[in-house]
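Remarks on the structure that follows.
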Amino acid sequence: MSTRPAVSVVGVTRRFGDVVALDDVSLDIAPGELVGILGPNGAGKSTLLSIVCGQRKPDSGTVRLEGGDPRVAATRRGLGLTPQETGLPPTLKVGEVVDFVGRHYPDPVPVAELLGEFGLADLADRQTGGLSGGQKRRLAVALALAGRPRVILLDEPTTGLDVGGRHALWDAIRRYHAAGGTVLLTSHYLEEVQALAERVVVVDRGRVVADDTMAGILSQVGLRRVTLTSPHDVAALPGVTRAERAGDAHEVFTPDADAYVRALVRSGLEFTGIEVRGATLEEAFGQMVDAQTTEVAS
Ligand code: ADP
Ligand code: MG
């Protein structure tokens, strides 16, 4: 028996003027998966979510939400959404907003239960205009769950939250997922995706550059960066994942810098000015881009 994907994105391209926000993106998400979309600012994460929820149309390619067209209202009945920026009516009270949103659904979560779940019970009578940034964010995510959705899309759910607020929200997302819900969330924080997601899709400049388990992604990000000066080909040693050279300046990426340095010393090749540090996420993205290009070319 084949399972219909909760979300299916096939060959989606979306431009804004000259900017290619999404460039031939394909992605299937199975029911019950918790997938993190990780990428730097401007990578195309919000554009992708806006297309999955039917708010925007792709220029080309197709999108299916639980098998239907997300531009059709009936398809979105099982969907909960927290956009990157939410406008809450400032004079409505927290409890009233939750009640109002819930009334759009046949079987909403009771107001008190939802507020309790997100640590907002004490704020039920507070006008949303008087909430802190973190409290607003928690409310915005709570609203995504008001209608007992089967799929939720969360765009940078914990941006602007303090550590306590972030962990409370992560717990709520985990509970939703443990109960069988499908989650697609975006973040530019590795830490956030690491805390939640089983599967990570790395997006950079509108393209999917990696789609792997969290462990698979971490092994890429766990690379060490060794820089040194040498007239020799110091990259031709075991354990080198990737290297760049400009004249005598070398940049070598390896999962085990200690082993690399030992091999370098044993080789007898002269070098000066060696430095070791962790590769950044951007460098790891670059590595994934290169790896993908090589794959395609070979
Ligand atoms: P992310 O959410 O990963 O930060 P976005 O999806 O918001 O990225 O943006 C992807 C690219 O598309 C960026 O270069 C951004 O400037 C551009 N973009 C997004 N929305 C618009 C828009 N409404 N008009 C013009 N350019 C846009
Ligand atoms: Mg965004």
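Order of listing sets the numbers, starting from 1, for every ligand and every atom in it.
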Can you get from L185 to V52 by hopping between Ile, Leu, Val, Met, Phe, Trp and Tyr side chains that sit under 4.5 Å apart? no
For atom 5 (P) of ligand 1, what is the closest protein heavy atom, and at what distance to 0.1 Å? T47 OG1, 3.7 Å
Can you tell me the protein heavy atom closest to atom 4 (O) of ligand 1 and the distance? G42 N, 2.7 Å
Check the side chains of D69 and T75 for a donor-acceptor pair under 3.5 angstrom, ignoring hydrogens and angles. no
Decide yes or no on side-chain contact (heavy atoms from CB on, under 4.5 Å) for L48 and V25, but give the supporting numbers first. CA-CA 9 Å; L48 179 60; V25 167; 4.2 Å; yes
For R245, all residues meeting salt bridge (charged side-chain N to carboxylate O under 4.0 Å, His left out), sequence neighbours excluded: D248
Hey, which atoms in ligand 1 end up nearer than 4.0 Å to a heavy atom of R56? 23 (N)
Would you list the pairs meeting ring-ring contact (aromatic ring centres under 6.0 Å, His included) in which at least one residue belongs to residues 127-173, sequence neighbours left out? H167-W170
Under 4.0 Å from atom 11 (C) of ligand 1, is there at least one protein heavy atom? yes
With heavy atoms of P40 as the reference, note each atom of ligand 1 found under 4.0 Å away. 3 (O)
Count, excluding waters, the protein N, O or S atoms that are closer to the Mg ion (ligand 2) than 2.8 Å. 2
Who pairs with R166 by salt bridge (charged side-chain N to carboxylate O under 4.0 Å, His left out), at least two apart in sequence or on another chain? E191
For ligand 1, which atoms have a heavy atom of N41 less than 4.0 angstrom away? 4 (O)
Which ligand 1 atoms are under 4.0 Å away from a heavy-atom of A43? 1 (P), 3 (O), 8 (O)
Proximity flag G39 to ligand 1, non-hydrogen atoms under 4.0 Å: no
Decide whether V193 and I152 are clustered together by the hydrophobic rule: side chain heavy atoms of Ile, Leu, Val, Met, Phe, Trp, Tyr closer than 4.5 Å, transitively. no
Side chain, backbone, both or neither: which part of V19 comes within less than 4.0 Å of ligand 1 when only heavy atoms are counted? side chain
Using distance alone, decide if ligand 1 has a nitrogen or oxygen within less than 3.5 Å of any nitrogen or oxygen in A21. no
For atom 25 (C) of ligand 1, the closest protein heavy atom turns out to be F16 CB, 3.4 Å
Regarding S8 and D28, is there a side-chain donor-to-acceptor distance under 3.5 Å anywhere? yes
Part of E156 with heavy atoms under 4.0 Å of ligand 1, whether side chain, backbone, both or neither: neither
Quick note on ligand 1: atoms under 4.0 Å from a heavy atom of S46 include exactly 1 (P), 2 (O), 6 (O), 7 (O)
Within the 3.5 Å criterion, strictly below it, is a donor on Q127 or T91 matched to an acceptor on the partner's side chain? no
Determine, using the 4.5 Å side-chain heavy-atom cutoff (strictly less than), whether I217 and V209 are members of one ILVMFWY cluster. yes
Hey, does the Lys NZ or Arg CZ of R242 hover above the aromatic six-ring of F253, less than 6.0 Å from the centre and inside 45° of the axis? yes
Atom 16 (O) of ligand 1: protein heavy atom closer than 4.0 Å? no
Check step by step if side-chain contact (heavy atoms from CB on, under 4.5 Å) holds for I274 and L264. CA-CA 11 Å; I274 193 162; L264 178 63; 4.0 Å; yes
Within the structure, is a non-hydrogen atom of S50 found at a distance of less than 4.0 Å from ligand 1? no
How far is atom 8 (O) of ligand 1 from its nearest protein heavy atom, and which residue and atom name does that atom have? G44 N, 3.1 Å
Flag, side chain of H250 to backbone of H232, donor-acceptor distance under 3.5 Å: yes
I'd like to know whether E198 forms a side-chain contact (heavy atoms from CB on, under 4.5 Å) with M214, so could you lay out the CA-CA distance, the side-chain angles of the two residues, the decisive distance to 0.1 Å, and finally the verdict. CA-CA 6 Å; E198 301 151 335; M214 190 67 233; over 6 Å; no
Please verify whether a non-hydrogen atom of R14 lies at under 4.0 Å from ligand 1. no
